[in-house]
Amino acid sequence: MPRAIRLRCALALAALVALDASARAAQEGPTEEVPYVRTPQAVVDAMLRLAAPRPADFLVDLGSGDGRIVITAAQRYGTRGLGVDLDATLVAEARARAVAAGVAERVRFEKRDLFATDLAPATIVTMYLLPEYNLLLRPKLLAALRPGARIVSHDWDMGEWRPDARLTVAAPDKPVGIAKESTVYLWIVPARVSGRWRTEVPRDGRTVPVEIAFTQAFQDLGGEARIDGRAVAIERASVAGARVLFRFEDGGKGWRFDGRARGDRIVGQVSEDGGPPRPWRAFRVE
Ligand SMILES: C[S@@+](CC[C@H](N)C(=O)[O-])C[C@H]1O[C@@H](n2cnc3c(N)ncnc32)[C@H](O)[C@@H]1O
């Protein structure tokens, strides 16, 4: 076999092996256990300030320990919640603390693996785990949670998914680490809008068809629009929960879009530069 072909086969094989290893890691789960370390109350308070719970929210704490995050949310914000933990003694302690705090009607604690927990009902997910856990959970959180759901993590980030907010909090009673402070991160689950859409824009008193191809990396949006047969860049684009913002220019004119994505539609307003906002809709092509 010629050397160039041998090299290409070797590269393809290496890529397959790497793919297989990462798929196996995702399937087999984490390589380390998360020990029980409680979040200091000042940090719990900061996590909840970032998540801004309301009574209509449903908060899930993945690895809930003594239940302090779920219980504090129920006490201060009237939020319903679920805590899951592998440790049966901690689950029993959390249940007892919920009764003592007078919130047993609003919260539940279950002995369960966090990776086997249904996240779909959650509008807020909190966690104090390990970096590897956050990365393993990331695709599951993005797939299961609805746009606008909030994720708050104590101390560990989500890799290349940039947080939407972050705080450093003094934590003098933190049981681990030398620096007695914690970092708290917030992410808002973005609507999934990558792919092709068709829409129309007003131009010189007529309506012009436009095809848009969005590329998306978490909350960052880019891509191009095809208008009158010309491709133009999508600019200043972002997804914040269900809200989709972008603009593009063609032939010296610019259009600004502000809509909310819901399934295969985005509904909102478009403004031609200097003009009043008008109702606007886009429909997913594929
Ligand atoms: C660092 S503690 C955080 C406890 C609590 N959330 C807090 O912030 O105070 C992590 C918790 O996750 C639990 N845990 C670890 N792996 C788990 C898993 N696979 N499923 C459910 N709970 C798990 C541990 O038992 C421990 O109580």
Side-chain angles (χ1 to χ4, degrees), residues 25-51 53 57-77 79-98 100-101 103 106-122 124-141 144 150-158 163 166-187:
Q27 259 174 17
E28 287 172 7
T31 54
E32 279 184 82
E33 280 185 16
V34 187
Y36 174 51
V37 181
R38 63 191 185 282
T39 295
Q41 191 60 45
V43 182
V44 172
D45 297 347
M47 290 173 80
L48 294 177
R49 273 201 306 280
L50 270 191
D57 277 311
F58 185 62
L59 182 150
V60 174
D61 188 27
L62 297 175
S64 47
D66 67 4
R68 55 184 57 210
I69 297 175
V70 178
I71 292 169
T72 307
Q75 273 180 316
R76 303 230 181 110
Y77 300 90
T79 308
R80 288 174 309 116
L82 166 70
V84 296
D85 205 292
L86 281 182
D87 184 328
T89 310
L90 286 170
V91 172
E93 185 183 341
R95 286 178 183 154
R97 285 171 64 111
V103 296
R106 303 196 70 70
V107 303
R108 243 169 52 232
F109 292 96
E110 290 178 10
K111 179 181 177 304
R112 196 187 296 163
D113 188 337
L114 59 91
F115 289 106
T117 299
D118 177 15
L119 299 174
I124 299 174
V125 172
T126 54
M127 45 206 207
Y128 182 23
L129 298 166
L130 286 172
E132 181 190 17
Y133 279 65
N134 282 17
L135 291 182
L136 284 170
L137 281 167
R138 194 175 75 186
K140 191 172 148 101
L141 291 162
R150 288 91 84 203
I151 302 166
V152 178
S153 170
H154 177 185
D155 268 352
W156 308 115
D157 67 16
M158 290 269 196
R166 104 188 230 169
L167 286 177
T168 302
V169 189
D173 54 341
K174 190 173 183 175
V176 290
I178 299 165
K180 294 296 173 196
E181 60 177 32
S182 287
T183 306
V184 175
Y185 300 88
L186 167 77
W187 295 266

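When a ligand or atom number is given, it counts from 1 through the structure's own listing order.
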Practice problem: Give the minimum heavy-atom separation between V184 and V152, together with the two atoms involved. | Solution: CG1-CG1, 3.7 Å

Quiz item: Under 4.0 Å from ligand 1, counting heavy atoms only, is it the side chain of D66, its backbone, both or neither?
Solution: neither

Self-check item: Y128, any N or O under 3.5 Å of ligand 1 N or O
Solution: no

Quiz item: Would D45 and R76 pass as an ion pair if we require N to O under 4.0 Å?
Solution: yes

Quiz item: Where is the tightest heavy-atom contact between A73 and L48, given as atom of each residue plus distance?
Solution: N-CD1, 3.6 Å

Quiz item: Hey, is ligand 1 close enough to Y133 that some N/O pair sits below 3.5 Å?
Solution: no

Quiz item: Which protein non-hydrogen atom lies closest to atom 22 (N) of ligand 1, naming both residue and atom, and how far is it?
Solution: L86 N, 3.3 Å

Exercise. Could you see which bit of V44 sits under 4.0 Å from ligand 1, with heavy atoms only: side chain, backbone, both or neither?
Key: neither

Exercise. Flag the pair R97 and D66 as a salt bridge only when some basic side-chain nitrogen lies within less than 4.0 angstrom of an acidic carboxylate oxygen.
Key: yes

Exercise. Please report which non-hydrogen protein atom sits nearest to atom 3 (C) of ligand 1, along with the residue it belongs to and the distance in Å to one decimal place.
Key: V37 O, 3.4 Å

Quiz item: So is R68 in contact with ligand 1, going by heavy-atom distances below 4.0 Å?
Solution: yes

Quiz prompt | Close-contact set for ligand 1 against I69 heavy atoms, below 4.0 Å | solution = 8 (O)

Exercise. Name the option, out of G67, P40, G63, G65, that contains the heavy atom nearest to atom 6 (N) of ligand 1.
Key: G63

Quiz item: So which protein heavy atom does atom 19 (N) of ligand 1 come closest to, and at what separation?
Solution: D113 OD1, 3.0 Å

Exercise. Tell me, please: is P35 in heavy-atom contact with ligand 1, that is, under 4.0 Å?
Key: yes

Practice problem: Between T117, L114, D85, T39, flag the one that comes closest to atom 8 (O) of ligand 1 by a heavy atom. | Solution: T39

Practice problem: Using a strict 4.0 Å threshold on nitrogen-to-oxygen distance, state whether R150 and D57 make a salt bridge. | Solution: yes

Quiz prompt | Option passing side chain to side chain contact (heavy atoms under 4.5 Å, CB included) with M47 (candidates D61, I124, T126) | solution = T126

Practice problem: Using the six-membered ring wherever Trp is involved, compare the ring planes of H154 and Y128 and label them parallel, tilted or perpendicular (cut-offs 30° and 60°). | Solution: parallel

Self-check item: F115 and L137, any side-chain heavy atoms less than 4.5 Å apart
Solution: yes

Self-check item: N or O pair under 3.5 Å between L90 and ligand 1
Solution: no

Quiz prompt | Atoms of ligand 1, numbered as shown, that sit under 4.0 Å from any heavy atom of D61 | solution = 5 (C), 6 (N)

Practice problem: State which residue, out of N134, I151, D113, L119, fulfils the side chain to side chain contact (heavy atoms under 4.5 Å, CB included) condition with L62. | Solution: L119

